[in-house]
A.B. asks: 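Let me give you the structure first, and then I'll get to my questions.
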Amino acid sequence: MDEAMRLAGIWSARVPWSPLRSLRHWYRERQTTAALLSLDDAQLKDIGIYRGEIPWLVRKQLDAG
């Protein structure tokens with residue numbers, strides 16, 4: 001699946017908006033959210049994140065860059 005997402009990124013970089021770019025963004029958001037949610041509360045506290053903030057932080061970060 002990751003190889004397909006990489007190839008989709010190469011193709012979608014050439015057009016201003018594409019369904020593949022949206023799919024890649026959604027997939028990255030989902031993977032990042034899952035990774036952060038898998039951390040325990042102590043680890044989240046170490047990096048200064050509350051569990052309830054994770055979806056908002058991921059969306060904000062991915063939309064910014």
Side-chain angles (χ1 to χ4, degrees):
M1 181 75 167
D2 291 328
E3 179 66 13
M5 296 307 290
R6 185 185 72 74
L7 292 174
I10 291 169
W11 180 83
S12 67
R14 297 184 181 131
V15 294
W17 179 88
S18 76
L20 291 176
R21 181 177 288 165
S22 296
L23 178 63
R24 190 179 78 211
H25 182 80
W26 168 82
Y27 181 77
R28 188 176 298 151
E29 182 178 323
R30 184 173 166 217
Q31 292 298 103
T32 304
T33 300
L36 287 171
L37 286 173
S38 72
L39 299 175
D40 63 31
D41 289 335
Q43 291 170 319
L44 290 173
K45 185 178 180 182
D46 286 344
I47 59 175
I49 297 175
Y50 294 101
R51 191 166 298 280
E53 296 176 324
I54 291 173
W56 177 80
L57 287 171
V58 170
R59 243 179 264 117
K60 180 181 174 189
Q61 184 64 33
L62 290 178
D63 288 344

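Quick caveat, the model's predicted, so the values are computed rather than measured. These values consider heavy atoms only, across backbone and side chains, with no hydrogens, waters or symmetry-generated copies.
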A.B. asks: Which atoms form the tightest heavy-atom contact between Leu36 and Ile47, and what is the distance?
C.D. replies: CD2-CD1, 4.4 Å
A.B. asks: Do other residues, nucleotides or ligands put more than 12 heavy atoms under 6.0 Å from the CZ atom of Arg51?
C.D. replies: yes
A.B. asks: Is a donor on one side and an acceptor on the other found under 3.5 Å between the side chain of Gln43 and the backbone of Asp40?
C.D. replies: yes
A.B. asks: Would you kindly confirm whether Tyr50 and Trp56 end up in one hydrophobic cluster when ILVMFWY residues are joined by side chain heavy atoms under 4.5 Å apart?
C.D. replies: no
A.B. asks: Output the distance between atom CG (Asp41) and atom CG (Asp46), rounded to the nearest 0.5 Å.
C.D. replies: 11.0 Å
A.B. asks: So do the side chains of Arg30 and Thr33 get within less than 4.5 Å of each other, counting heavy atoms only?
C.D. replies: no
A.B. asks: Looking at CD of Glu53 and NZ of Lys60, how far apart are the two atoms once the value is rounded to the nearest 0.5 Å?
C.D. replies: 10.0 Å
A.B. asks: Say you draw a straight line from OH of Tyr27 to CZ of Arg24; how long is it, rounded to the nearest 0.5 Å?
C.D. replies: 12.5 Å
A.B. asks: On a heavy-atom basis, which atom in Glu29 and which in Leu62 lie closest, and how many Å separate them?
C.D. replies: CA-CD1, 3.3 Å
